[in-house]
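A single structure is presented below for examination.
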Amino acid sequence: MFEPPNALYRRPRLLNPLHALGVFKAHSQTNAMELEYLARYAKGHRIALEIGSYMGVSARVIAKELAPGGKLYCVDPWEIHHGRENPCWTICKRELRRNALLDRVEFLHGFSYEMENAMPAGCDFIFVDGDHTYEGLERDWTIVMRRLSPGGILCLHDTTVPEAEPYRQFGTVRFFDEVVRHHPELEWLECCYSMNVLRRKIVTDA
Ligand SMILES: C[S@@+](CC[C@H](N)C(=O)[O-])C[C@H]1O[C@@H](n2cnc3c(N)ncnc32)[C@H](O)[C@@H]1O
């Protein structure tokens, strides 16, 4: 399978049949190096949450690495387009089915701020890649801080501007620098390209 050309991933309705035929891969803005980090940090976890699943590429990588019996909760609105199923959602389901991962995934169809009650408590791995505005990450941050377990891993996409792509100036970068980077409840682990990785500190009684 080949990477879809830029023009095609902006037209998911055209990409969908080509993905079904096995001609083009599902598209993701998360690059190969970031996907490798996601796989490494998701490994062996049991309750994972992804905000922003799109065509299911990062979901496939995360779900594959979970412990036996582990579950990944994928949150995305996959809004109906002109009365028809969103083609990104069709591709996402196919991507996971082809990799025999459907039974490890629970789909939460809606915006993160609408779906919080359906999300599990005590997540040990969270990947946030949904709304890239300052306010969007601020909203998701509130959810993350209510759902992430002590010792749990948090990966935040597009929270550092990569040197190679200086135009990727999202509100998420400013929110990360202002609020997340030095948050007392989190330990910053590393940054891979645009994605920062943190761990929630385990607080013990002195
Ligand atoms: C950059 S794509 C995600 C890519 C995916 N994580 C991957 O690497 O394969 C962003 C997705 O977030 C979704 N999205 C935007 N705002 C959201 C929100 N508030 N809650 C959940 N999903 C959201 C969009 O519909 C879109 O599918």
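Remember, it's 1-based here, ligands and their atoms both numbered in the order they're listed. These numbers were taken from a predicted model, which means no experiment stands behind them.
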Report task. Please report the closest heavy-atom contact between Tyr9 and Pro12, naming both atoms and the distance. Result ->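 Heavy-atom minimum between the residues: O-CD, 3.7 Å.
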Query raised in the report: Between Glu187 and Lys201, is there a salt bridge with N-O shorter than 4.0 Å?
Result: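 Looking at Lys201 and Glu187, the cut-off is not met.
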Query - Side chain, backbone, both or neither: Trp78 near ligand 1, heavy atoms under 4.0 Å - result: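 Contact part for Trp78 vs ligand 1: neither.
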Query raised in the report: Is it true that Glu85 and Lys93 make a salt bridge, defined as a side-chain N closer than 4.0 Å to a carboxylate O?
Result: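 Yes, Glu85 and Lys93 are salt-bridged.
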Query raised in the report: Do ligand 1 and His27 have nitrogen or oxygen atoms that lie under 3.5 Å from each other?
Result: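 No; the residue has no nitrogen or oxygen that sits under 3.5 Å from a nitrogen or oxygen of the ligand.
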**Report entry** Closest protein heavy atom (residue, atom, distance) for atom 12 (O) of ligand 1
**Finding:**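 The closest one turns out to be Gly52 CA, 3.3 Å.
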Report task. Scan side-chain atoms only and decide if Glu190 and Tyr41 contain a donor-acceptor pair under the 3.5 Å cut-off. Result ->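 Yes, side-chain donor-acceptor contact under 3.5 Å.
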Query - ligand 1 atoms in contact with Ile51 (distance to a heavy atom under 4.0 Å) - result: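 Per the distance check, 20 (N), 21 (C).
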**Report entry** Stepwise side-chain hydrogen bond (donor to acceptor under 3.5 Å, both in side chains) check, Glu65 with His45
**Finding:** CA-CA 8 Å; Glu65 297 298 333; His45 287 299; over 6 Å; no
Query raised in the report: Starting from atom 23 (C) of ligand 1, which protein heavy atom do you reach first, and at what distance in Å?
Result: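 Of the protein heavy atoms, Pro77 CD, 3.7 Å lies nearest.
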Query raised in the report: Below 4.0 angstrom, N of the basic side chain to O of the carboxylate: do Arg46 and Asp124 qualify?
Result: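 Result for this pair is no, no salt bridge flagged.
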Query raised in the report: Which of the numbered atoms in ligand 1 are below 4.0 angstrom from a heavy atom of Phe127?
Result: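 The list of qualifying atoms is 6 (N).
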Query - Shortest protein heavy-atom distance from atom 16 (N) of ligand 1, along with the residue and atom involved - result: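 Its nearest protein heavy-atom neighbour is Asp131 N, 3.4 Å.
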Requested in this report: Check ligand 1 against Phe111 and write out every atom of the ligand that is under 4.0 Å from a heavy-atom position of the residue.
Outcome: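 Counting atoms of ligand 1 from 1, those under 4.0 Å from Phe111 are 17 (C), 18 (C), 19 (N), 20 (N).
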Requested in this report: Quick one: look up the protein heavy atom nearest atom 7 (C) of ligand 1 and list residue, atom name and how far away it is.
Outcome: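 For atom 7 (C) of ligand 1, the nearest protein heavy atom comes out as Ser58 OG, 3.0 Å.
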Query raised in the report: Identify the closest protein heavy atom to atom 1 (C) of ligand 1: which residue and atom is it, and at what distance?
Result: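 For this ligand atom, the closest protein heavy atom is Gln29 OE1, 3.3 Å.
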Query raised in the report: In the protein, what heavy atom is nearest to atom 10 (C) of ligand 1, and what distance, to one decimal place, separates them?
Result: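 Nearest protein contact, heavy atoms only, for atom 10 (C) of ligand 1 is Asp129 O, 3.2 Å.
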Query raised in the report: Val57 heavy atoms, cut-off 4.0 Å: which ligand 1 atoms fall inside?
Result: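 In order of number, 9 (O).
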Report task. Please check if any side-chain donor atom of Arg13 sits under 3.5 Å from a side-chain acceptor atom of His81, or the reverse. Result ->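 Distance-only check fails for Arg13 and His81.
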Query raised in the report: Who gets closest to atom 8 (O) of ligand 1 by heavy atom: Thr30, Leu38, Leu137?
Result: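 The nearest heavy atom belongs to Thr30.
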Query raised in the report: Can we say Lys25 and Glu95 salt-bridge, meaning some charged N sits less than 4.0 Å from an Asp/Glu carboxylate O?
Result: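 Not counted as a salt bridge, because no side-chain N and carboxylate O are separated by less than 4.0 Å.
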Query - Ligand-residue contact atoms, ligand 1 with Ser112, heavy atoms, under 4.0 Å - result: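 Counting atoms of ligand 1 from 1, those under 4.0 Å from Ser112 are 18 (C), 19 (N), 20 (N), 21 (C).
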Query raised in the report: Within 45° of the ring axis of Tyr134 and under 6.0 Å from its six-membered ring centre, is that where the NZ or CZ of Arg174 lies?
Result: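 Output yes; distance and angle both within limits.
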Query - Nearest-neighbour protein heavy atom for atom 26 (C) of ligand 1, which is reported as residue plus atom name and distance - result: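 Scanning the protein heavy atoms, the shortest distance from atom 26 (C) of ligand 1 goes to Asp76 OD2, 3.4 Å.
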Query - Residue pair Thr159 / Asn196, side-chain donor-acceptor N/O under 3.5 Å - result: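 A pair is found: one side chain offers a donor N or O, the other an acceptor, under 3.5 Å apart.
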